[in-house]
Amino acid sequence: MSGIAGWVDFERDLTPEAPTVRAMAQALAHRGPDGFGEWIEGHAALAHRRLALLDPGHPERVAQPAVVESEAGSPVAVLTLDGALTNHTGLRRELAAKGHRFTGGGDAEVALHAYLEWGAAFPERLEGLFALAVWDVRRQELLLVRDRLGVKPLCYFLTPSGVVFGSEPKALLAHPAVRPVVDGDGLRELFAHSRKPGTGVFRGTREVLPGHTMTVRAPGTGHRRYWSLPARPHTDGPDTTVATVRRLLSEAVATHLRADVPVGAMLSGGIDSSALTALAARERRAAGEVLRSFSVNFSGYAENFEPHPTMRATPDAPYAALAAEHIGTEHTEILLDTAALADPETHAAALRSQDAPSPLGDMDVSLLLFFRALRAAGITAVLSGETADEVFNGYFWAYDPDHSNSTTFPWVSFERGHDAAAGGLGCSLVDRTLRKELDFMGYADQHYRDALTEVPHLAGEGPAERRAREVTYLALTRWAPTHLDRADRMSMAHGVQLRPPFCDRALVEYVYNVPAELKRVNGQEKSLLRAAVADLLPERVLNRPKSAYPTVQEAAYGAFVRRRFADVAADPAAPVAPLLDAEATRVALHAGAAPSGAFAWVERASMEMVLQLNTWLAEYRVRLTL
């Protein structure tokens, strides 16, 4: 926990390069504000920024990088880890029984001993959310590992004689070998809305694939997939299926609560967060404690709410309050006003947290402010309902035949419904010629076809079940990682570790193989999850239709976006000017009132993307090579 960085160079001694590695780690100080550690010897340098979730009063017991030495006192292997091993306790016992001796209480030491026991196969023994690096001193070999669904980020840049790696691209950019150059493929990644696993925006940067290990040796690199979604026959009846989901989710919540500091819960009043909060509250009560829950709201939002037919049927606030009262949490509503959401510096901070522009604007800003408030409230780890929709088919496009049966990703099909010519959300103000040359649509569609070749199937599956499995696979492997990365980066920007129990391996594998008709009974999305927690929640919360993360509906916020966009569009020296479409910009500027209301996020997205692009190009000194 919680930010890692490193450099391996097989042609030089890195001992004199400590300042560079420290600069890389310093770029990740927000991820680990509670301490710093480093290990440098010969061809390898590893660094760690600590977020104190385990043994906060004795940092020496959980210090990283973790090192195991031989009886002669020379280092055997070194490991640095970001995340939390949810099977830490059981794994420690198993390894101790095999003769391993531990000197502290941290996850990293357990992971390192697991590596020494099982070698390159050790990731298969790990559960939870993790990204880690192991330098084997004996073999002069680096192993980079990422958890199964990609909850924790891990990126790298190959040099002619080794590799540079880190939790976020900003750590790589602190190294002199990595420059902020973006080519056509990088822009496609920004705009295609279907990011390819393993790709990066800056030229030469890559990500370790979820569920994969990457080995770096002097002769070259290798990649190995240690986990993939398995296709298995589902033989349980409806009642057994519901009971199994309840058991697996309860176990996942219990393991994600493990920490030596209070763990909070994000509570929107939807079925996902309410289910986690209810189960977590039971665990805390059994320990004689009260769970703290948190929700986000905007001033005047509930009173002036306008529903959206597919995205938001109801405001969160009344349901969050009802769920908190029923469950018995100590609940805090984090209330944000338009001034806070419209602060340009906070928009820039949201950009820096992700190292890339985003069309989500106020959604990014409110999430960033939410985690800042959690940190101020003393919460440094929080449960989140991320990936519940992917696991249980909660998105409407997962079962709407207009999108689920499309010839591209279902969510891309939905986004194109808003602006088919642009090719997706946030693209409509980009130069038309550039759009045609980069072919955002074709890029996403080819990625879709490639992804379909990975989907495991069972013999004898009918067309409907086969397609349902494909949609779920695509959601878990192509849609979820983008949102998990966003949630991790926004939370860790303020030193808060987001923990998603719905990413638990056993739960994901089980529900993935449940037939679609058991996940959505009588047309109700996520009916399987609702049935599994039916005794824990009030009826109004239990049967509340899905409502996506809130976006501002205030006209004042739309006016703020439009004013900033007008200023940038009128400046021929603006960094983003060469990327803008003159006619689309003119139409947007003369469209009249600032977009507001339930549908505002679609119209605002392109303006927000332009503003973010402009800041990004300037602050990161991006050089475009198109």
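Computed from heavy atoms alone, side chains included, the values below leave out hydrogens, waters and symmetry copies.
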Verdict with supporting geometry, R489 and D364, salt bridge (Lys or Arg N to Asp or Glu O under 4.0 Å): CA-CA 10 Å; R489 302 284 288 280; D364 284 344; over 6 Å; no
Chi angles and distances behind the side-chain contact (heavy atoms from CB on, under 4.5 Å) call for M266, R499: CA-CA 10 Å; M266 297 171 66; R499 296 182 170 189; over 6 Å; no
Audit row: R50, D34, salt bridge (Lys or Arg N to Asp or Glu O under 4.0 Å) steps and yes/no: CA-CA 5 Å; R50 179 174 183 249; D34 301 321; 5.9 Å; no
Stepwise side-chain contact (heavy atoms from CB on, under 4.5 Å) check, K196 with E189: CA-CA 8 Å; K196 294 181 181 178; E189 282 300 301; 4.0 Å; yes
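Contact detail for A577 and P572: the closest heavy-atom pair is CB-O, 3.7 Å.
Using cut-offs of 30° and 60° on the angle between ring planes, the pair Y156 and H223 is tilted. Below 30°, between 30° and 60°, or above 60°: for F409 and Y448 the angle between ring planes is above 60°, a perpendicular geometry. Taking the six-membered ring for Trp and thresholds of 30 and 60 degrees, Y395 and W479 have ring planes more than 60 degrees apart, a perpendicular arrangement.
Checked for salt-bridge contact, R206 and D185 miss the test: no charged N lies under 4.0 Å from a carboxylate O.
Among residues two or more places apart in sequence or in another chain, the side-chain contact (heavy atoms from CB on, under 4.5 Å) test is passed with A582 by none. The side-chain contact (heavy atoms from CB on, under 4.5 Å) test applied to T205 returns F157, L172, V178, F202, not counting sequence neighbours.
Between F560 and H347, the distance separating the two ring centers is shorter than 6.0 angstrom.
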